[in-house]
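Just below is one structure, and these are the notes that go with it.
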Amino acid sequence: YGLALLTFFSVWREGVETVIFIGAGTEGSLAIVGAFIGMALACALGALIFLRGKRVDLKRLFNFTTMLLVLFAAGLVAHGIHEFQEAGLIMIINEHIWDMNHILDEGGTLGSIMKGLFGYNGNPSLIETLSYGAYLVLAYALHLFKGGRPDLGLKDWLANYKLKMG
């Protein structure tokens with residue numbers, strides 16, 4: 001019963017929030033029509049996922065989303081380094097190792113999306129770039145260390161590695 005109650009109250013809370021936000025953010029009838037169109041599209045998308053979800057290759061889906069999350073996390077690391085450099089807590093060795101803002105401006109539409117998702121910086125410092133790369137290398141090494149399988153321990157991984165190598 002606990003899981004059913006958790007689900008019920010979660011959906012209930014989201015419904016209450018939706019009613020509050022629609023009530024607070026709408027002044028005309030067009031906004032309410034837009035809200036109902038959005039809800040209808042969300043229901044249609046949910047039905048589509050429910051009906052066609054069985055055909056999705058879960059291994060490929062989770063590999064893809066894992067890759068996106070690793071890139072997202074690497075961007076957070078690089079952005080954190082950037083903020084520490086601006087605060088003076090980390091020394092700046094080389095302030096701008098390149099400037100790509102004339103090609104893909106981080107203030108533009110696509111650049112803002114890339115910055116928000118993957119930590120894109122058109123003119124990164126050396127330490128930002130090294131931290132981004134180091135995070136990617138570390139994440140990939142950990143993935144290889146686990147053999148791509150979370151249930152393998154070090155002993156099993158070494159035995160599996162020896163079998164593959166000869």
Nearest-0.5 Å distance that lies between atom CG in L68 and atom CG in N63:
11.0 Å

Hey, does P124 have a side-chain heavy atom less than 4.5 Å from the side chain of Y132?
no

I'd like to check N121 versus E128 (side-chain heavy atoms, cut-off strictly below 4.5 Å). Are they in contact?
yes

Shared-cluster residues of F50, by chain and number - hydrophobic side chains joined below 4.5 Å:
L51

Would you kindly confirm whether W98 and Y120 end up in one hydrophobic cluster when ILVMFWY residues are joined by side chain heavy atoms under 4.5 Å apart?
yes

Inspect the surroundings of CZ in F118 and state if more than 12 heavy atoms from other residues, nucleotides or ligands are less than 6.0 Å away.
yes

Heavy-atom distance under 4.5 Å between the side chains of I127 and I90, does that happen here?
yes

Are the side chains of S125 and Q85 in contact, using a 4.5 Å heavy-atom criterion?
yes

Going by ring pair (Phe, Tyr, Trp, His ring centres under 6.0 Å), name the residues that satisfy it together with F8, two or more places apart in sequence or in a different chain.
W12

Taking the side chain as everything from C-beta on, heavy atoms only, tell me whether L136 gets closer than 4.5 Å to Y140.
no

Quick check: do V70 and Y135 have side-chain heavy atoms less than 4.5 Å from each other?
yes

Side chain proximity check, V16 to V19, heavy atoms < 4.5 angstrom:
no

Donor-acceptor contact present, side-chain E106 to main-chain G122, <3.5 Å:
yes

